[in-house]
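See structure below.
Computed from a predicted model, the values in this text were never measured in an experiment. FYI, the numbering just counts along the sequence from 1.
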Amino acid sequence: MIALDFDGTLTEIATDFRDPGLDERRRGVLARIPGAGRRLAIVSGRALPDLRARVGLREAIYVGNHGLEIDGAGLRSRFAPAGSEDRLAALLDSLPLPSGILVENKSLTATLHVRPLDDRSLHGALRASLEEAVSRAGFELRPGKSSWEIRPAGAKTKGDAVAFLIGALPGVTRERTVYIGDDATDEDAFRALSPDCPGGGKGGITVRVGEAGIATAARHRLPDPDAVYRFLESLVDDRASRRARRLP
């Protein structure tokens, strides 16, 4: 299985979170992955309908809201505490948000996008001003890239979703799973595929996208989305080449 984050991994981080999409060349690379014993999973913080519309591949498995929603390959699951949608909406209405914050309510989780993208002082101040109210409402505030994620406390993660797919999909194993992501929420998936996690074995192939120097549980790095697509093309081309060599 090849599992990929979306924003920052398959697309560059945009000033407006409503902008990112895939051009036809990039979509074409992804379209070559499913089949011949390979599964493609797109694992994102975006809500499922939004994610599916942006990727546009019927054969993909979609994991939305950081692991709380799964749809594809005959699987359909939703992991969310009862009443969390109404409680989240009420929480967002009550938060004293400064200017420069774009709120994305994804029903089960929410993202507070900090703009300008590189405003670190605003990013830090937001946590200090909101963490207590978020926790009191039964949610948790987790850092993202130029954003803060609000999600139900103790909810399933991207790591839980990857482990679920490995257990549910025939032929998919930890050792044969690739996970590529760029953000703090992807660290849960990196840890789930680590050789040190319960279950042992060699672990999967984990790749953090972005500049060096950021602490990560991933075992490899790629600098940007362009490098991700070059890596994916090499995986698909190498598999096709090995298949051709086996032909009589």
Can you name the side chain to side chain contact (heavy atoms under 4.5 Å, CB included) partners of [X], sequence neighbours left out?
| X | value |
| --- | --- |
| Pro116 | Asp118, Asp119 |
| Pro98 | Ile101, Leu122, Leu126 |
| Ala153 | none |
| Ser135 | none |

Practice problem: Flag the pair Lys106 and Asp50 as a salt bridge only when some basic side-chain nitrogen lies within less than 4.0 angstrom of an acidic carboxylate oxygen. | Solution: no
Quiz prompt | Arg208 bridged to Asp186 by N-O distance under 4.0 Å | solution =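 Result for this pair is no, no salt bridge flagged.
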I need the full list of ring pair (Phe, Tyr, Trp, His ring centres under 6.0 Å) pairs touching [range], with sequence neighbours left out, sorted by first then second residue.
| range | answer |
| --- | --- |
| residues 53-75 | none |
| residues 21-44 | none |
| residues 125-148 | His123-Trp148 |

Quiz prompt | Candidate pair Glu187 and Thr216, rule side chain to side chain donor-acceptor pair (under 3.5 Å), full reasoning | solution = CA-CA 7 Å; Glu187 293 294 328; Thr216 179; 2.7 Å; yes
Self-check item: Spatial distance of atom OG1 (Thr9) from atom CG (Leu222) [nearest 0.5 Å]
Solution: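 Between atom OG1 of Thr9 and atom CG of Leu222 there are 9.5 Å.
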Quiz item: OG/Ser99 to CZ/Arg115 distance, rounded to the nearest 0.5 angstrom?
Solution: 14.0 Å
Practice problem: Evaluate salt bridge (charged side-chain N to carboxylate O under 4.0 Å, His left out) for Lys145 paired with Asp182, printing each intermediate quantity in order. | Solution: CA-CA 8 Å; Lys145 188 173 284 185; Asp182 77 305; 2.8 Å; yes
Joint cluster assignment, [X] & [Y], ILVMFWY side-chain distance < 4.5 Å:
| X | Y | value |
| --- | --- | --- |
| Leu232 | Val209 | yes |
| Leu141 | Val103 | yes |
| Ile33 | Ile180 | yes |

Quiz item: Cluster partners of Leu169, using ILVMFWY side-chain heavy atoms under 4.5 angstrom, listed by chain and number?
Solution: Met1, Val43, Ile61, Val63, Leu68, Ile70, Leu75, Phe79, Leu108, Val162, Phe164, Leu165, Ile166, Val172, Tyr179, Phe190, Leu193
Exercise. If you link ILVMFWY side chains whenever their heavy atoms are less than 4.5 Å apart, which other residues fall into the same cluster as Leu102? By chain and number, please.
Key: Phe17
Self-check item: Set of salt bridge (Lys or Arg N to Asp or Glu O under 4.0 Å) partners for Arg27, sequence neighbours left out
Solution: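 Arg27: salt bridge (Lys or Arg N to Asp or Glu O under 4.0 Å) contacts with Glu24.
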Quiz item: Do other residues, nucleotides or ligands put more than 12 heavy atoms under 6.0 Å from Arg18 CZ?
Solution: no
Quiz item: Between the main-chain N or O of His113 and the side-chain N or O of Thr111, is there a donor-acceptor pair closer than 3.5 Å?
Solution: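 A pair under 3.5 Å: no.
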Quiz item: Does a donor on one side chain and an acceptor on the other come within less than 3.5 Å for Ser234 and Asp237?
Solution: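 No donor-acceptor contact under 3.5 Å links the two side chains.
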Quiz item: Which residue pairs pass the salt bridge (Lys or Arg N to Asp or Glu O under 4.0 Å) test with at least one member in residues 67-80, sequence neighbours excluded?
Solution: Arg52-Asp71, Asp71-Arg76, Arg78-Glu85
Practice problem: Could you name each residue pair satisfying salt bridge (Lys or Arg N to Asp or Glu O under 4.0 Å) that touches residues 217-230, not counting sequence neighbours? | Solution: Arg26-Asp226
Quiz prompt | Side chain proximity check, Pro152 to Thr109, heavy atoms < 4.5 angstrom | solution = yes
